[in-house]
Amino acid sequence: MGTTITAAEIADATADIRSKTTYHPKIGIVLGSGLSSLADTVEQPVSLPTNEIPHWPVSTVAGHSGRLVFGYLEGREVLVLQGRSHFYEGYDMSQLALPPRVMHALGVKTLILTNAAGGLNPSFQAGDLMVIRDHLNFPGMAGHNPLYGPNDNSLGPRFPDMTDAYDPELRTLAHQAARNAGFEMQEGVYAYVAGPSFETPAELRFLQFAGGDAVGMSTAPSTVTARHMGMRVLGISTISNMALPDPVPGTQQSHEDVLAAGQRAVPRLIEVIRGVVRELG
Ligand code: HPA
């Protein structure tokens, strides 16, 4: 919690990326675990490994460091981050703020955040997609907020508003995109926990009681950072598994079920993102 990213570090990373591409996307997309295939559908891609960008918090999860992919989706310029980093990897929240800060410095105005999450709402099913309406930022409420430390007033206010952090208009667009593609998405509250251990049954009961519909280990720090700078945020969770404190006997999922549910959700998530990008114009 001791370090703070500096304006110089943000400028360094931004200048490095600028020197490697002439793309100027206004739309940024962050891909969650198991969702990397969207990055492969970007046209005329310029792919930058994140471990070559100065000060970038490199992901240690998937065994590869991640990449930034610039290119076209639905005829619009986009910037896709594949391989985000997490607090549980040992990064400070401040370091996790760097990717959204750099995307903002590159000109990104709308940030689409995706993740894999556990379903707390018993009416959900593994394989569902959930539009994030709001979040519970438990680490943030306990002091691990990406805005902890001195505030850079040139970026945003000391006490940024978090009402409608997940843009209502973008949420509507996302639902419309899903309906146009012939399916419905859930909508709900994303409960952000630090991880990496999964929740105990008592913790899951607590998260349900607190109003959570899905639980996961990412996204909320990026949302807070992006909203601080006035970027619009759309968040979508793929429900990769149900996370219920008292599962109904006989309905437990195998690891294979979980993987299959995740993979079933990916083509639908890609359709929704394409639909939203098309509408953003
Ligand atoms: N808990 C926390 N994070 C997760 C889960 C879960 O059940 N599934 C995917 N990410």
Side-chain angles (χ1 to χ4, degrees), residues 31-35 86-88 112-142 162-168 170-179 181-223 233-273:
L31 300 179
S33 322
L35 310 176
H86 306 82
F87 184 65
Y88 60 75
I112 302 176
L113 302 170
T114 68
N115 60 52
L120 296 167
N121 186 321
S123 74
F124 290 3
Q125 283 184 358
D128 281 354
L129 296 178
M130 184 190 89
V131 177
I132 303 177
R133 182 174 57 239
D134 202 346
H135 73 213
L136 288 158
N137 182 357
F138 286 103
M141 291 164 76
M162 288 292 142
T163 316
D164 287 335
Y166 297 88
D167 195 279
L170 295 180
R171 276 151 44 200
T172 303
L173 275 186
H175 283 298
Q176 276 165 1
R179 278 179 206 128
F183 62 93
E184 289 285 331
M185 290 190 290
Q186 310 282 3
E187 182 165 307
V189 173
Y190 177 83
Y192 170 55
V193 295
S197 50
F198 284 114
E199 302 70 37
T200 64
E203 286 166 347
L204 292 174
R205 219 168 277 124
F206 167 76
L207 295 175
Q208 285 180 329
F209 191 64
D213 294 293
V215 54
M217 304 176 191
S218 69
T219 301
S222 303
T223 301
V233 173
L234 172 67
I236 303 178
S237 296
T238 62
I239 306 300
S240 58
N241 57 286
M242 288 305 288
L244 298 174
D246 306 294
V248 180
T251 63
Q252 274 94 333
Q253 304 147 45
S254 68
H255 184 58
E256 287 68 32
D257 292 337
V258 169
L259 292 180
Q263 285 319 300
R264 273 203 314 278
V266 172
R268 277 177 288 133
L269 179 67
I270 291 177
E271 291 219 61
V272 170
I273 290 177

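The basis for the numbers below is simple: all heavy atoms, side chains too, and nothing from hydrogens, waters or symmetry mates.
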- Report yes if some heavy atom in the side chain of Gln208 is under 4.5 Å from a heavy atom in the side chain of Leu244; otherwise report no. yes

- From Met185, Gln186, Glu187, residue fulfilling side-chain contact (heavy atoms from CB on, under 4.5 Å) relative to Leu129: Met185

- Message: Does Tyr192 form a side-chain hydrogen bond (donor to acceptor under 3.5 Å, both in side chains) with Thr219? I'd like the steps, not just the answer.
- Response: CA-CA 8 Å; Tyr192 170 55; Thr219 301; over 6 Å; no

- Heavy-atom nearest pair, Arg264 first then Ala126, reads NH2-O, 3.5 Å

- Task: Using a 4.5 Å cut-off on heavy atoms from C-beta on, say whether the side chain of Leu173 contacts that of Gln176.
- Result: yes

- CZ-CG distance between Phe206 and Leu120, expressed to the nearest 0.5 angstrom: 11.5 Å

- Note on the structure: In terms of heavy-atom contacts, Ile239 and Gly118 come closest through CG2-C, 4.5 Å

- Do the side chains of Asp167 and Leu234 get nearer than 4.5 Å, heavy atoms only? no

- List the atom of Leu136, the atom of Gly212, and the distance in Å for their closest heavy-atom pair. CD1-N, 3.9 Å

- Side chain to side chain, Arg171 and Asp164, heavy atoms closer than 4.5 Å: yes

- Message: Strictly distance-based, threshold 3.5 Å: is any side-chain N or O of Asp213 a donor or acceptor partner for the main-chain N or O of Val189?
- Response: yes

- Minimal non-hydrogen separation, Val131 against Ala174, with atom names: CG2-CB, 4.4 Å

- Any donor-acceptor pair under 3.5 Å from Thr238 side chain to Asn115 backbone: yes

- Ala220 to Asn137 - nearest heavy-atom pair and separation: CB-CG, 4.2 Å

- Message: Just verifying a value: how many Å separate Leu31 CG and Thr114 OG1, rounded to the nearest 0.5 Å?
- Response: 5.0 Å

- Message: Counting C-beta onward and ignoring hydrogens, is there a side-chain heavy-atom pair between Pro201 and Asp246 closer than 4.5 Å?
- Response: no

- Task: For residues Val215 and Val193, determine if any side-chain heavy atom of one lies less than 4.5 Å from a side-chain heavy atom of the other.
- Result: yes

- Message: Could you check whether any side-chain heavy atom of Leu170 comes within less than 4.5 Å of a side-chain heavy atom of Val233, counting everything from C-beta outward?
- Response: no

- Task: With the side chain counted from C-beta on, respond yes when Thr223 and Tyr190 share a heavy-atom pair under 4.5 Å apart, and no when they do not.
- Result: no

- Query: How far apart are the closest heavy atoms of Met242 and Gly119, and which atoms are they?
  - Reply: CE-O, 3.5 Å

- Message: Below 30° counts as parallel, above 60° as perpendicular, anything between as tilted: where do the rings of Tyr166 and His135 land?
- Response: perpendicular

